[in-house]
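Data first, discussion second: the structure below is written as structure tokens.
All ligand and atom numbering here is 1-based and tracks the order in the structure.
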Amino acid sequence: MANCCRFWTASVLGVALLLVASRVFSQELNAPKRYEFSEEKMGVPTRLLFYAFSDEKATVAAQAVWERFDELNSILSDWDPESEIIQACRAIESSGERVAVSDDLRRALLESRKYCELTRGAFDSTVSPIVKLWRRSRYFHERPPAKMLDAAKERVGLNVWNLDDDGLWAEKGVRFDVGGVAKGIVLDEALRILNDHEITSALIDASGDLRIGDPPPDKDGWIVGVSSLGDEPAFYCELSNVGVATSGDANRYVEIDGVRYSHIIDPRTGEPLTSRCVATVLAPTATTADALASALCVLGPREAPEAFDEIRRQGVGNGELSPFDYILIEVADNPSEGEPDVETLASPRFRELFDAARKERTEALCSERRQ
Ligand code: AMP
Ligand code: MG
């Protein structure tokens, strides 16, 4: 009897051990693999980084994301004359009536309107007629004629258009440029699609604007460099489940009579920004981050603190804005002698990371010189 018991105990233990071993083995075989896909989308290099359990799952998910990118681009692009957003404005103008819009366009316009209200006009997608005039300046290297600029300014603001259940209405000559928020919208969609394909550890990168999902397996987050005015990141941070967007005049500007005009316009004055700047915003979604990064550049170090405090207090639509971090690095327009010519404005967490990285760089430089 005792032998029999021993036999059964040993057998049960053996089976249990076998089960554990096979489980561990199959988990190892099934450990998610890192995938990377790159394409040029919306005119910028775009990357999908994620962890998936098979090549097939990864390829199918990536393909679904690329298709959605193209679909949204054909709705929101202000470069493509056939895009829905451009066609809608033309249709309103020729019929004089309200036009029905797709759900995607409705969402993009409502998001734009929300951020215009929250930033009191620093972010405004009706800025398009002014953007177009300044784009033309890039070729001719001269300011737009004052009369044309004045006429364009008349077509900007919250009261020149509205959207209700029957569709979109806009005054004559109103055009939308949702370029300041479109990347964010598309990035949020990309993560949603990956999640639908059971891929949650992901980072989607549209030329530096990011939507980040769960961390890579066994990691606390994705390491992200936050831009500075130079080539080196201002600092690094480890992030998960956030959107991060950067705006600035690094590559897109025109110089006329020694003045550097950015592609970002202050819709309230019709003038492009003239001080060199780079702004990064971290928010719960890429849409929020994208709109607020553009707005942060416009508001600048003087107006942004009050506006951003107010936005943080109010939340963004769903009453929440957390996590929320930002940094603006700006070269002062007229640096006075003896004063630093770079101003920074940052949320407490980004300030800490920025100062720590700067201290580390200074120490490294000093020790290099000592050697
Ligand atoms: P971003 O790179 O996200 O800052 O977006 C910049 C693009 O948004 C520009 O190329 C313009 O098409 C558009 N834009 C420029 N100024 C503004 C503004 N103040 N509000 C909204 N969109 C803007
Ligand atoms: Mg933006």
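Among the atoms of Asp290, an N, O or S atom is found under 2.8 Å from the Mg ion (ligand 2). In summary, Ala293 places no N/O/S atom under 2.8 Å from the Mg ion (ligand 2), failing the contact criterion. Among the backbone and side-chain atoms of Ser247, none of the N, O or S atoms lies under 2.8 Å from the Mg ion (ligand 2).
The contact set between ligand 1 and Asp290, taken as ligand atoms under 4.0 Å from a residue heavy atom, comprises 3 (O). The ligand atoms of ligand 1 that sit less than 4.0 angstrom from a heavy atom of His263 are 2 (O), 6 (C), 9 (C), 10 (O), 15 (C). Those atoms of ligand 1 with a heavy atom of Ser294 less than 4.0 angstrom away are 1 (P), 3 (O), 4 (O), 5 (O). Each of the atoms 19 (N) of ligand 1 lies under 4.0 Å from some heavy atom of Val298.
Between Pro267 and ligand 1, a contact under 3.5 Å exists for no N or O pair. Backbone and side-chain nitrogen or oxygen atoms of Asp177 are examined, and one is located within less than 3.5 angstrom of a nitrogen or oxygen of ligand 1. Taking only nitrogen or oxygen atoms, main chain and side chain alike, Asp124 reaches within less than 3.5 Å of ligand 1. Among the atoms of Ser247, some N or O lies under 3.5 angstrom from an N or O of ligand 1. No N or O atom of Ile264 sits closer than 3.5 Å to an N or O atom of ligand 1. Close N/O approach between Ser125 and ligand 1 is not found [any backbone or side-chain N/O within under 3.5 Å].
Under 3.5 Å, the side chains of Thr126 and Asp124 contain a donor-acceptor pair of N or O atoms. Between the side chains of Arg113 and Asn162, no donor-acceptor pair of N or O atoms lies under 3.5 Å. Between the side chains of Tyr115 and Thr288, at least one donor N or O sits under 3.5 Å from an acceptor N or O. Using modelled atom types, one finds no donor on one side chain facing an acceptor on the other under 3.5 Å when comparing Arg34 with Ser201.
Taking the charged nitrogens against the carboxylate oxygens, Arg135 and Asp177 do have a contact shorter than 4.0 Å, which makes a salt bridge. Ion pair Asp341/Arg276 not flagged as a salt bridge, since none of the NZ, NE, NH1 or NH2 atoms sits closer than 4.0 Å to an Asp/Glu carboxylate oxygen. A salt bridge does not link Lys147 with Asp150: none of the charged nitrogens is closer than 4.0 Å to a carboxylate oxygen.
With a heavy-atom cut-off of 4.0 Å, Ala122 touches ligand 1 through its backbone alone.
With hydrogens and angles disregarded, no donor-acceptor distance shorter than 3.5 Å links the side chain of Glu84 to the backbone of Ser74.
Residue contacts with ligand 1 do not include Ala293, since none of its heavy atoms lies under 4.0 Å from the ligand. Using a 4.0 angstrom heavy-atom cutoff, Arg135 counts as in contact with ligand 1.
Nearest heavy-atom pair across Ser137 and Ile256 is CB-CD1, 4.2 Å.
Among all non-hydrogen protein atoms, the one lying nearest atom 8 (O) of ligand 1 is Gly180 N, 3.2 Å. Nearest protein neighbour of atom 10 (O) of ligand 1, counting heavy atoms only, is Arg252 NH2, 2.9 Å.
Taking the six-membered ring where tryptophan is involved, the planes of Tyr35 and Phe37 are essentially parallel, since the angle between them stays under 30° and well short of 60°.
Scanning Thr126, Ile265, Val127, Leu292 for the heavy atom closest to atom 19 (N) of ligand 1 points to Ile265.
Exactly one residue among Phe235, Tyr236, Tyr326 makes a ring pair (Phe, Tyr, Trp, His ring centres under 6.0 Å) with Phe350. That residue is Phe235.
Glu271 contributes atom CD, which lies 7.0 Å from atom NZ of Lys153 (distance to the nearest 0.5 angstrom).
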